[in-house]
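Contents: one structure, followed by commentary.
Note that the structure is a prediction, hence the values are computed from the model and not measured. In the text below, chain A, chain B and the rest are named by the order of the sequence lines, each starting its count at 1.
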Amino acid sequence: MSEITTPTPSPSAPKKMEDIVALCRRRGFIFQSSEIYGGINGFWDYGPLGVSLKRNLKNAWWNDVVERELIGPDGDAVHIVGLDSSIIMNPKTWIASGHVGGFNDPMVDCKESKQRYRADHLIVLGSTADNARLYAYIENDEEQCAAATKGLARYEKRDALDPSVHMLRSFMVLTAEDRARTVGPHAKEVGTLTEARKFGLMFETNSGAVRDESSLTYLRPETAQGIFTNFWNVCDSTRVRVPFGIAQIGKAFRNEVTPRNFTFRSREFEQMEIEFFIRPDSANEWYAWWRDWRFNWWQQIGLAGENLILREHDRDELAHYAKVGAGTSDIEYRFPFTAPGFGELEGIAHRADFDLSAHATHCGKGDKMRYFDQEKNERYFPHVIEPSAGADRGTLAILCEAYTTDATRASGVYMNFTPRMAPVKAGVFPLVNKDGLPEIAERLFRDIRKKHVAEFDEKQSIGKRYARMDEAGTPFCITVDHDGATSGTATIRHRNTQAQERVALEQIPAFIAERVE
RNA sequence: GCGGGCGUAGCUCAGUGGUAGAGUGUCACCUUGCCAAGGUGAAUGUCGAGGGUUCGAAUCCCUUCGCCCGCUCCA
């Protein structure tokens, strides 16, 4: 093997999100959904290169989580089984999980202050008399309450109203006329509060042809509940013992208030979730192990730089199910649109036994559904460590991290994917489209293609072909030239350095295989 | 949901009431012997959509959809 050229790479300029979005479209990574009809907010399609990239990410996750050996904190192999549960489930699932009750809140906007309030947290104070002003404040907020009381007193003094006929009402019971005489918590004028509107974050649909209350169902807002509801099935059908995990990759749907930032916050998205079931007393150990292993995993698949951080949640930002327990942490990436801040890629949460016991209660069997631990001769609801990752966010982070500008090369940019993530592993070209070179190159191409994704290109100048592969992020380009045709070799061009080395034709498939796996 | 900005060829953009353009990319052929080279030729547009004003609208007005930024939201 001999070096031919080694150009010096130039330092990368700061990344602009619009450039990344443009490349994604131009090269077929990501398109806007239903674009020819003007698109639809919060939905995206993956093109030929994009679907490969995303699938490589999901396959890497599934391989590393479910299929390959993984050694846990106790030195034993970690046992995880797969699952593919349905998107539409019995709606009671979402009552048990807290999604129907807790996240279907009526909201009120104030046109004057631009503030938004939970309607069921607004209390209205004032006279029962018609046309008298009412003052709203936020429940349990003493400052707000005092301000409303003061405002009311001043108003009633001015208008000489009788303050003895006051009453408190929830904003929820107000009529349109009442709202028109209500002053919002941060407002000066009356009538600036809108009516209460439901911000249901779950997509509703109906199962069965009859569309009524009884057929109401939801598109799942997370894949996790499909795992929890199958916990008992998996235990009964598989020889699993705590500690063990169930892994699932699947779509989930949330009616986000504001889809924003390319695919980062979409209404339809794909999750890669593990629910790992443990003995309650081992939560700290497993939580820390999962957190660290997952952080390490993201680094290995191409997010190795300082743009990736692990962030432990503060107590006061913990979700309702994680108030007690070992903690919650996020693995976050510094996207161009969040910089200098970070956006969440994966959350690792100790959910305690919140979900299993909630489902046990709601399905009516209660404590009878506790897991029996043979070894300890004890019954309990296992605690759960949940590493929950976004496949679309992961794909986007890889795209952003890989995007590298380089003024010295023709394309001006290349995608620095790791070989494992790269949609195309190798481009195979004849240097010129004659003299028997295409035939040799095509034989090599077919040989590589038996195991790896490769592209054959004999059109146009060699420079254009390299440039195209740079934008697709192909790590290796193999060119059959005249020297090679006589000596049985070809040059392999490395994407990042543009350096070339000469390798014997029969060794090239192994060369690729070594670097891709 | 609110406020601001923006939507013209795949991409970057010009065109401000009178025949839709340029560069670049794409494709074909020739040439070429390692980095978007050169030559010749070709294809490509609901001017985001709908409505209105006008003899005539990419251009002016209204509505709407989408994208970006700031709020808001984010289990």
Side-chain angles (χ1 to χ4, degrees), chain A residues 4-5 7 16-19 21-28 31-44 47 94 97-105 107-118 192 194 197 199 201-202 221-222 224-225 252 254-262 264-267 317-322 328 337 343-344 347 349 351 354-355 386 388 406 408-414 429-435 437 459-471 477-485 490-493 495 498-500 502:
Chain A
I4 294 180
T5 52
K16 280 195 292 183
M17 199 58 211
E18 53 185 298
D19 296 335
V21 173
L23 181 133
C24 283
R25 166 168 181 72
R26 186 168 74 241
R27 286 295 158 192
F31 306 120
Q32 194 179 11
S33 170
S34 25
E35 190 185 87
I36 61 166
Y37 292 107
I40 177 167
N41 199 350
F43 298 89
W44 302 91
W94 307 111
S97 71
H99 287 83
V100 169
F103 308 104
N104 216 6
D105 306 324
M107 304 296 284
V108 173
D109 289 306
C110 176
K111 292 175 203 163
E112 182 187 327
S113 67
K114 308 301 180 197
Q115 299 274 321
R116 174 173 289 169
Y117 312 98
R118 284 272 300 268
T192 62
T194 65
R197 286 173 291 208
F199 277 65
L201 288 175
M202 283 196 289
E222 61 176 27
Q225 299 306 325
R254 293 180 195 176
N255 241 329
E256 297 289 354
V257 176
T258 313
R260 211 38 93 79
N261 291 329
F262 203 28
F264 183 79
R265 177 165 296 131
S266 302
R267 290 185 167 135
E317 60 176 319
L318 292 182
H320 57 92
Y321 52 73
T328 298
F337 49 80
E344 181 185 347
R351 294 178 71 119
F354 177 88
D355 303 276
E386 177 194 73
S388 170
D406 177 3
T408 67
R409 66 179 74 200
S411 56
V413 64
Y414 65 99
F429 319 134
L431 182 59
V432 291
N433 197 14
K434 61 181 184 185
D435 303 334
L437 268 43
K459 305 284 187 187
Q460 300 179 312
S461 75
I462 192 72
K464 285 193 183 190
R465 287 176 274 170
Y466 286 148
R468 263 197 293 267
M469 287 290 105
D470 279 348
E471 284 198 340
C477 285
I478 299 144
T479 302
V480 176
D481 60 2
H482 290 91
D483 286 355
T491 61
I492 298 182
R493 179 241 195 208
R495 176 197 58 210
Q498 297 176 273
Q500 293 180 315
R502 189 169 288 280

Residue pair Asn261(A) / Met17(A), side-chain heavy-atom distance below 4.5 Å
no
Paired to rC2(B) by Watson-Crick or G-U wobble criteria (both distances under 3.5 Å) is rG70(B)
Do Arg465(A) side-chain and rC35(B) base share a donor-acceptor contact under 3.5 Å?
no
Taking a pair as Watson-Crick or G-U wobble with both distances under 3.5 Å, which nucleotide is matched to rG33(B)?
none
Of Asn41(A) and Ser461(A), the one whose closest RNA chain B nucleotide lies more 5':
Ser461(A)
State the CG-CZ distance between Asn41(A) and Arg260(A), to the nearest 0.5 angstrom.
9.0 Å
Measure from OH on Tyr466(A) to P on rG33(B) and round the result to the nearest Å.
15 Å
Which is more 5' along RNA chain B, the nucleotide nearest Leu431(A) or the one nearest Glu222(A)? Just name the residue.
Leu431(A)
List the residues meeting salt bridge (Lys or Arg N to Asp or Glu O under 4.0 Å) with Glu35(A), not counting sequence neighbours, and say none if there are none.
Arg25(A)
Between the protein and nucleotides 38-44 of chain B, are there any N/O to N/O pairs under 3.5 Å, and if so, what are the atom names and distances?
none

rC62(B) and rG4(B): how far apart are their P atoms, nearest whole angstrom?
13 Å
Check this for me: does any side-chain nitrogen of one of Arg502(A) and Asp481(A) sit under 4.0 Å from a carboxylate oxygen of the other?
yes
Between rU59(B) and rU46(B) - P atom distance, rounded Å:
16 Å
Phe264(A) CZ - rC73(B) P separation (whole Å)
17 Å
Atom OG of Ser33(A) and atom CZ of Arg267(A): how far apart are they, to the nearest 0.5 Å?
12.0 Å
Whether Arg465(A) engages the ring of Phe429(A) as a cation-pi pair (distance to the six-membered ring centre under 6.0 angstrom, angle to the ring normal within 45°) should be assessed.
yes
Mind checking the C1' distance from rG17(B) to rU53(B)? Whole angstroms is fine.
12 Å
Could you state the atom-to-atom distance from CG of Asn261(A) to P of rC73(B) in whole Å?
16 Å
Scanning all shown strands, the Watson-Crick or wobble mate of rU24(B) with both distances under 3.5 Å is rG10(B)
For atom CD of Glu471(A) and atom C1' of rC11(B), their distance in whole Å:
10 Å
Closest to the Trp44(A) side chain: rC67(B), rC34(B), rG33(B)?
rC67(B)
Is any side-chain heavy atom of Asn433(A) less than 4.5 Å from a side-chain heavy atom of Lys459(A)?
no
Roughly how far apart, to the nearest Å, are rA20(B) and rU44(B) at atom C1'?
13 Å
Report yes if the side chains of Thr479(A) and Arg493(A) come closer than 4.5 Å at any heavy-atom pair, otherwise no.
no
rC55(B) to rC65(B) separation - P atoms, rounded to the nearest Å:
32 Å
Over how many whole Å does the gap from Ile492(A) atom CD1 to rC35(B) atom C1' extend?
17 Å
How close do Tyr466(A) and Cys477(A) get, counting heavy atoms only, and between which atoms?
CE2-CB, 3.6 Å
With side chains defined as the heavy atoms from C-beta onward, is the minimum distance between Glu471(A) and Tyr414(A) less than 4.5 Å?
no
d(CZ, Arg493(A); P, rG33(B)) in whole Å:
20 Å
Any side-chain heavy atom of Asp406(A) within less than 4.5 Å of one from Gln498(A)?
yes
Between rU12(B) and rC67(B), how far is it from one P atom to the other, in whole Å?
16 Å
Under 4.0 Å, counting only non-hydrogen atoms across every strand here, what does Phe262(A) touch: a base, just sugar-phosphate, or nothing?
sugar-phosphate
Taking only nitrogen or oxygen atoms into account, show me every contact under 3.5 Å that the protein makes with nucleotides 26-30 of chain B, one pair per line with its distance.
{"from": "rU26(B)", "atom 1": "OP1", "to": "Arg468(A)", "atom 2": "NH1", "distance (Å)": "2.7"}
{"from": "rC27(B)", "atom 1": "OP2", "to": "Gln460(A)", "atom 2": "OE1", "distance (Å)": "3.2"}
{"from": "rC27(B)", "atom 1": "OP2", "to": "Gln460(A)", "atom 2": "NE2", "distance (Å)": "3.3"}
{"from": "rA28(B)", "atom 1": "OP1", "to": "Lys459(A)", "atom 2": "NZ", "distance (Å)": "3.4"}

note: Glu18(A), atom CD; rC6(B), atom C1'; distance rounded to Å ~ 11 Å
Interatomic distance at P, rA57(B) relative to rC73(B), whole Å
46 Å
Once you apply the 3.5 Å cut-off to both distances, tell me the Watson-Crick or G-U wobble partner of rA58(B), or none.
none
Give a yes/no answer on whether the side chain of Arg25(A) brings an N or O atom under 4.0 Å of OP1 or OP2 in rC11(B).
yes
Heavy-atom pair with the smallest gap, counting every atom of Arg254(A) and Pro221(A)
NE-O, 2.9 Å
Can you tell me which nucleotide in rU32(B), rA36(B), rC11(B) comes closest to the side chain of Ala467(A)?
rA36(B)
Should rU16(B) form a Watson-Crick or G-U wobble pair with both distances under 3.5 Å, which nucleotide is its partner?
none
For the side chain of Gln32(A), starting at C-beta, report the closest nucleotide among rC67(B), rC68(B), rC34(B).
rC67(B)
With syn defined as a glycosidic angle within 90° of 0 and anti as everything else, classify rG33(B).
syn
Provide the distance between the two C1' atoms, one in rG41(B) and one in rG33(B), to the nearest whole Å.
25 Å
Can you check the Phe31(A) CZ to rG48(B) P distance for me, whole Å?
21 Å
